[in-house]
Amino acid sequence: MGDSMNNMIEVKDLCKQYKKFKAIDNISFTLQKGKTLAFLGLNGAGKSTTLNILSTLLNQSSGSVKIANYNLNNNNINIKKNIGVVFQKNTLDLDFTVYQNLYQRSYLYFQNHNQCISEINRICVLLNITHLLKKPLKNCSGGQIRIIQIARALVHSPKLLILDEPTQGLDPSARKLVWDSIIKIQKQTNLTIFYSTHYMEEVKYADEICCINDGKIIVHDELKTVMNKFSKQKLIIEDNNITKTFSFDNPKSAINELNKHPSLTNFWYIDILLDELFHQISKEF
Amino acid sequence: MKAFFNLVNRHLIYFFKDKINVLFTVISLIVVLSLYFLFIKDFTIDAIKQVCPANNIEQFTDQSMLIGLILVTGFSASLGMLNLFIKDISNHVINDFLITPHYKITIYTSYLFASVVIALLFSTLGFFLILFYLKNNYSFNITTFNLIQTYFLIIINCFVSSLLLMIIAFFIKTSQSFATIGNLGATIIGFIIGVYIPLGYYPDTIQSILVMSPLSTIACATRNVFTIDILKDITFNLPSDVMHEIQKVFGCTLSFNNDVLSLNQLYQVIFGLLFFIIVVYIIIQQLKT
């Protein structure tokens, strides 16, 4: 997918083995600059292991990883300058204010008071969280904490944002808030985003989908291609108090089916059942 | 270096924000001092008087035992600070530091340094308390050189205690387990540095083993330099054997293979062991991924 210079992430034959257990089994993929990739998989599929390797927290057993054209293990310090990571669980200090948290973390990148202040202001304006700066983190809502975590990850203007299930445990409105912020940032900065998620409705934000199962990549393609290949539309018809469900590959077949039921009392057309998408992909492989 | 001190600052702020942690560290200092005055002091003096009829033995006992208690304080204060290290690991907060452009050893060592600072702070507080007590209750006299040497050894003790606890912390997953192991460690250390029972009461074989323990050798050297002036005073008219016997009983010296180690030899052992522990620390933190 594109030439080497255009790639933000290049993973080749990556393996991670814990004694006899292979958490990641020879995976290879690339992600171009400015693109967003959704990394999907069931629990224990190898998502977090991959994310931890990309975040420089874990050493691979074999294979090579290049981030922003720097080789992992040889250039970890440069890689760290180019990545921002939002972890699944809160990694900020709850007893500190939002400002203290952002200042403390940004200082680790800039080591300059004035630069820290200006970068904190920039990111807070961008994410619309300036009003939260004086608030202790423990008094912020789950959604706000996640956005503050995103602010922390982006405070040093990285080229790649890695998010590990960024909306895990959040209610739907908080989830929307988080994704609106991510999309806003992506549009304004042309950031490359690599995220893992359990929520299938969140794959719609991605340009590409990568599915991992038992440590192996089973699908990696553009979102539209994957949807067309694996998704099915459903038509539910209520006819004489009898409910029937039909599956289709395209809306035309659904219209034909509707025409066959002139006495129907009600019908529901479900475009794409995203949750089923992953099951179908898993079944196929 | 700026980033390192920024991290140390964060750990220290976090430690002092936890009021209960600070309170218990202060209380532990008060408890060990109270335990000595209430239970250990009279028993030790009575026992010593039977073998050594010297004058001012009470002052010597106080000096010798109290300085030992200060060394235990260094260990328990480190324990409170390094609890934050375990919490940061179990809450994955440390990952937020490990993804910043700094070496792993910088991140880990910031916790170690913060622990040394806290241990030193409480040890210094305890040291001033005992100096105040000794000055008010006895004609306390110590040469400036020996006072500086004592404080230097207290610093070394804080460093070694923190280093040992940090090595243990690498293998522990929860702060609860760490607190349990730490408290157990503090009790054991109380015995191996002769706080509860003077080291001289231990058999020679045990003493030879204790030479291998950095905390025991530091305790011996500290007692040695902190009590040498008063010891010279109280054994002024007595045969020199009495002075050596008192030093042996109180753990101001240690025997190895029945040979009494001199202060210089104790320093050599301390720095040898310190070098060894630093190497172990570096290796373990490198292996931790």
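Residue numbers begin at 1 in each chain, while the letters A, B, ... track the order of the sequences. On a predicted model such as this, the values are computed, not experimentally measured, just so you know. What you see below is based on every heavy atom in this structure, not just the backbone, and it leaves out hydrogens, waters and symmetry mates.
At a heavy-atom cut-off of under 4.5 Å, chain B is reached by no residue from residues 122-145 of chain A.
Looking at A:Asn90, only its backbone comes within 4.5 Å of chain B, counting heavy atoms on both sides. When heavy atoms are compared at a cutoff of 4.5 Å, B:Ile94 does not approach chain A at all. With a 4.5 angstrom heavy-atom cutoff, B:Tyr103 touches chain A via backbone and side-chain atoms both.
In this structure, B:Ile99 and B:Asn95 have side chains that are not in contact, with every pair of non-hydrogen atoms separated by 4.5 Å or more.
Heavy-atom pairs under 4.5 Å with chain B were tallied for A:His156, A:Gln104, A:Gln111, A:Gln149; the largest tally goes to A:Gln104. For the set A:Lys89, A:Lys81, A:Gln88, A:Arg152, the entry with the most heavy-atom pairs within less than 4.5 Å of chain B is A:Arg152.
Note that CG of A:Asn69 and CD1 of A:Ile79 are 10.0 Å apart. Values are rounded to the nearest 0.5 Å.
Cation-pi geometry between B:Lys104 and B:Tyr108 is not met: the NZ or CZ atom fails to fall both under 6.0 Å from the ring centre and inside 45° of the normal. Within the cation-pi definition used here (under 6.0 Å to the ring centroid, within 45° of the axis), B:Arg10 qualifies as a partner of B:Tyr14.
Using a distance-only test at 3.5 Å, with no hydrogens or angles considered, a donor-acceptor pair links the side chain of A:Lys47 to the main chain of A:Gly41. At least one donor-acceptor pair closer than 3.5 Å links the side chain of A:Gln17 to the backbone N or O of A:Lys19.
Judged purely by distance below 3.5 Å, without hydrogens or angles, the side chains of B:Tyr111 and B:Ser162 never pair a donor atom with an acceptor atom.
A salt bridge links A:Asp25 with A:Lys216; the closest basic N to acidic carboxylate O contact falls under 4.0 Å.
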